[in-house]
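Data first, discussion second: the structure below is written as structure tokens.
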4 protein chains.
Amino acid sequence: MADTKANPDVKRGRPRQLSVRDAVLAGAGQLLLQAGIKGFSIEGVARLSGASKVTIYKWWPSKGALALDGFYTLVSPSIDTTLTGDVKQDLVTQVSAVLALFRDTAIGPILAGLIGEAQRDPELAAAIRERWLEPRRRCGVAILEAAQAAGHVRPDLDPTMVLDQIYGPIYLRLLVGHAPLTDDLAATLVRTILSGILASDASERQA
Amino acid sequence: MADTKANPDVKRGRPRQLSVRDAVLAGAGQLLLQAGIKGFSIEGVARLSGASKVTIYKWWPSKGALALDGFYTLVSPSIDTTLTGDVKQDLVTQVSAVLALFRDTAIGPILAGLIGEAQRDPELAAAIRERWLEPRRRCGVAILEAAQAAGHVRPDLDPTMVLDQIYGPIYLRLLVGHAPLTDDLAATLVRTILSGILASDASERQA
Amino acid sequence: MADTKANPDVKRGRPRQLSVRDAVLAGAGQLLLQAGIKGFSIEGVARLSGASKVTIYKWWPSKGALALDGFYTLVSPSIDTTLTGDVKQDLVTQVSAVLALFRDTAIGPILAGLIGEAQRDPELAAAIRERWLEPRRRCGVAILEAAQAAGHVRPDLDPTMVLDQIYGPIYLRLLVGHAPLTDDLAATLVRTILSGILASDASERQA
Amino acid sequence: MADTKANPDVKRGRPRQLSVRDAVLAGAGQLLLQAGIKGFSIEGVARLSGASKVTIYKWWPSKGALALDGFYTLVSPSIDTTLTGDVKQDLVTQVSAVLALFRDTAIGPILAGLIGEAQRDPELAAAIRERWLEPRRRCGVAILEAAQAAGHVRPDLDPTMVLDQIYGPIYLRLLVGHAPLTDDLAATLVRTILSGILASDASERQA
DNA sequence: ATATAATCGAGACGGTACGTCAAGTCTTGTT
DNA sequence: AACAAGACTTGACGTACCGTCTCGATTATAT
């Protein structure tokens with residue numbers, strides 16, 4: 001009679017029905033594809049998935065969180081590139097992969113929508129940073145740090161900043177649409193950031 | 001009726017009461033400041049400004065359009081910089097001004113919110129491009145083209161692309177918040193894009 | 001330009017342009033026909049007639065008043081019947097005329113709509129009484145008073161009340177629609193009110 | 001989901017909160033009393049009752065339906081009269097009851113307003129016929145048919161038509177207001193319809 | 001077996017905002 | 001003046017989601 005109360009660690013009660021989770025995510029992804037963030041609503045996901053609103057609210061803290069998870073059901077085949085050791089080539093390969101994703105699939109606009117939504121939902125913003133941006137940047141950082149170690153790239157530069165100068169234009173165009181995401185964009189961006197923009201002779205003078 | 005077609009140019013009817021327009025814009029700006037785009041609603045602007053919803057709907061085609069106009073009542077003192085002819089200095093000056101605007105006033109987040117809203121409102125996106133982005137870019141383009149003409153900057157580069165590589169990182173940070181808008185950002189971005197990131201000797205080799 | 005300077009001594013200012021009045025009335029009638037009271041609006045009449053709302057408000061005190069005037073542009077050919085001196089026949093003739101008007105033209109439902117509107121507009125109610133109901137009742141009263149004078153109808157009866165018992169059912173059906181306005185309705189109503197409903201022998205006993 | 005089809009009869013979901021229904025009806029009734037149909041609005045009922053508009057829209061298909069239901073919360077103590085078998089007396093009793101209801105309570109004007117509203121809302125018209133008019137007419141028909149069976153009233157008459165000639169005047173006066181609903185109205189109407197209006201001797205002649 | 005406890009669908013509910021319509025009033029310029 | 005054009009406020013319309021709150025049915029573990 002010491003403690004009849006069961007072990008609090010032990011899971012009691014009906015276990016979570018994973019099919020529900022999957023149905024919700026599938027519905028979220030589908031709705032995102034069909035209607036974009038503008039038409040994305042928890043109510044809609046509930047309708048599409050057959051799950052009840054309460055269930056969704058129970059497992060996802062916010063509309064944004066759900067949208068991001070739904071987004072990942074659409075993108076899951078992530079970008080893996082094998083590195084050659086050549087800074088320029090490796091950067092171009094990686095940037096091109098992202099660019100292709102944004103241009104050729106629906107996820108470009110959807111990601112833009114998510115970033116847009118993140119402006120009103122700090123949690124979503126954090127999630128996007130942690131789950132989308134950072135993982136992708138780590139490869140870039142790896143390339144650049146390797147190049148720095150090999151003496152190909154100036155050691156005093158912050159790789160993060162360099163990546164921003166490559167990816168920044170892409171996201172800016174994705175979000176604002178002032179210029180298209182062209183095929184040669186990856187090569188151009190990388191080339192410019194590698195060699196700078198100063199004229200050759202001027203470069204010597206300034207160096 | 002309506003048999004009086006004397007002069008179609010003549011303005012007939014009660015002229016638009018400008019105080020109403022101003023009140024609405026002031027209300028829009030105020031609401032934007034207080035509550036951000038998240039809390040920005042036509043209903044709210046109507047309440048704040050004392051104007052009726054119908055009037056607002058009459059003059060502004062969409063929530064986004066109103067928000068952008070409200071935004072401009074907050075930013076109107078625009079950025080004017082005197083050019084020296086030195087590429088680096090001129091670019092840093094201009095970028096610093098934008099950066100200061102984003103960091104030290106409330107308009108950074110507000111603009112971010114607007115760009116976010118633009119993801120669901122193509123009209124707003126177009127308006128942002130035309131009314132905010134382009135005007136500001138023109139100065140940058142001017143600086144770069146002058147530098148190209150003077151032979152300081154490679155003539156084969158698209159000035160637009162270069163600007164994207166300077167401003168892109170700023171907007172990316174503003175929108176995603178993965179890194180802060182530091183004081184030295186302007187200088188760093190400009191320096192990197194000018195000289196590139198290759199190590200000095202490597203630069204010579206690769207060139 | 002002929003009629004613009006009618007007589008400077010008498011009336012000053014622009015004389016009322018009669019065509020406006022007519023246009024408004026025509027528009028009101030037309031709108032009433034097309035859309036019924038449900039779709040009848042001052043805004044609509046203004047659109048249809050080309051007149052401005054202010055003008056309408058100036059000359060008609062209320063929506064109801066305008067509707068009633070519009071109604072009269074549709075009904076103007078009023079009901080005139082020649083009396084024969086035979087109570088029954090004269091009553092049937094007159095009631096039949098009203099009945100035909102309600103059944104065969106659109107003005108039945110329109111009048112019903114006006115009476116409906118009158119429930120929220122006392123002025124309209126008064127106008128309907130004075131301009132529609134009373135004129136029509138006067139003929140009926142005349143018939144009945146003549147019959148009373150001739151000794152054909154009981155002298156102690158209020159002719160008004162008798163008319164109500166003939167027309168009441170018609171208006172009730174028009175307004176509530178629980179039974180149709182049949183062809184023989186006039187004859188039936190008049191016959192019943194003339195002779196009563198008691199069985200012949202019972203009639204003698206009870207009398 | 002929705003894999004539980006165990007028992008379709010079973011009530012699922014949060015049960016309807018009857019207090020809300022009652023509050024809405026009470027609010028509707030109250031608003032009807034205070035402001036009449038002119039001031040009756042769903043918005044107002046929502047305010048008064050504390051219920052949300054959406055809830056009201058969910059349960060009542062139209063403004064008219066809500067008004068009629070609100071009306072019934074005001075009249076619920078319906079009219080029951082015990083029949084004596086004497087046509088005249090029974091009719092007078094019943095008609096007097098209706099008359100008293102119209103004169104002495106606020107429901108006269110309210111019912112008039114509803115009938116008015118029914119002119120623009122066919123659903124409401126049908127509801128009024130079915131829920132108000134018909135039930136009340138059935139008693140009258142019963143009285144008349146009993147009298148016909150007993151040989152007191154002509155068997156060739158349509159009881160419905162007779163009732164129209166008694167109630168028609170009452171509703172006409174209620175709706176148009178050309179004459180008051182006096183105390184002796186019930187007796188007069190019934191007496192006239194029973195015996196007719198022909199002078200006694202004329203009656204004999206015409207019979 | 002039988003509690004106990006969690007999951008889940010269905011749906012009610014108050015709330016906020018949306019975008020629209022018509023009623024009226026007011027203000028100009030034109031005739 | 002009379003008039004058209006049109007600006008403006010007010011108030012209600014009907015709709016869409018939001019997030020919270022019951023219910024009942026289901027499904028597991030723990031006595």
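By convention in this document, chain letters (A, B, ...) are assigned in the order of the sequence lines, proteins followed by strands, and residues within each chain are numbered from 1. What you see is a predicted model; the values in this text were computed from it and never measured.
Rounded to whole Å, the distance from NZ on Lys58(A) to C1' on dA5(E) is 10 Å. Summarising the geometry, the separation between CZ on Arg21(C) and P on dA4(F) is reported as 14 Å, rounded to the nearest angstrom. Look at NZ on Lys63(A): it is 15 Å from P on dT20(F), rounded to the nearest Å. Distance CG (Leu66(D)) to P (dA12(F)): 14 Å, rounded to an integer number of Å. Nucleotide dA23(E) holds its C1' atom 12 Å from the CZ atom of Arg120(C), rounded to whole Å. Remark: P of dT16(E) and CG of Leu31(B) are 15 Å apart, rounded to the nearest angstrom.
Taking NZ of Lys38(B) as the start and CD of Gln119(A) as the end, the distance is 12.0 Å to the nearest 0.5 Å.
Just one residue in the list Leu111(A), Leu33(A), Leu25(A) forms a side chain to side chain contact (heavy atoms under 4.5 Å, CB included) with Leu74(A), and that residue is Leu33(A).
Checking the phosphate oxygens (OP1, OP2) of dC8(F), no side-chain nitrogen or oxygen of Thr55(B) falls inside 4.0 Å. Taking only side-chain nitrogens and oxygens, Trp59(B) never comes nearer than 4.0 Å to OP1 or OP2 of dA7(F).
The number of heavy-atom neighbours closer than 6.0 Å to CD of Glu123(A), taken from other residues, nucleotides and ligands shown, is 12 or below.
For DNA chain F, the neighbouring residues in residues 37-54 of chain D, judged by any heavy atom under 4.0 Å, are Ser41(D), Ile42(D), Glu43(D), Arg47(D), Lys53(D), Val54(D).
Smallest separation of non-hydrogen atoms from Leu175(D) and Ala112(D): CD2-O, 3.7 Å.
Under the 4.0 Å criterion applied to side-chain N and carboxylate O atoms, Arg21(D) and Asp69(D) are not assigned as salt-bridge partners.
Here the side chain of Tyr72(D) pairs a donor or acceptor atom with the backbone of Arg131(D) at under 3.5 angstrom.
Both Ile56(C) and Tyr57(D) sit near DNA chain F, but only Ile56(C) has its closest nucleotide nearer the 5' end.
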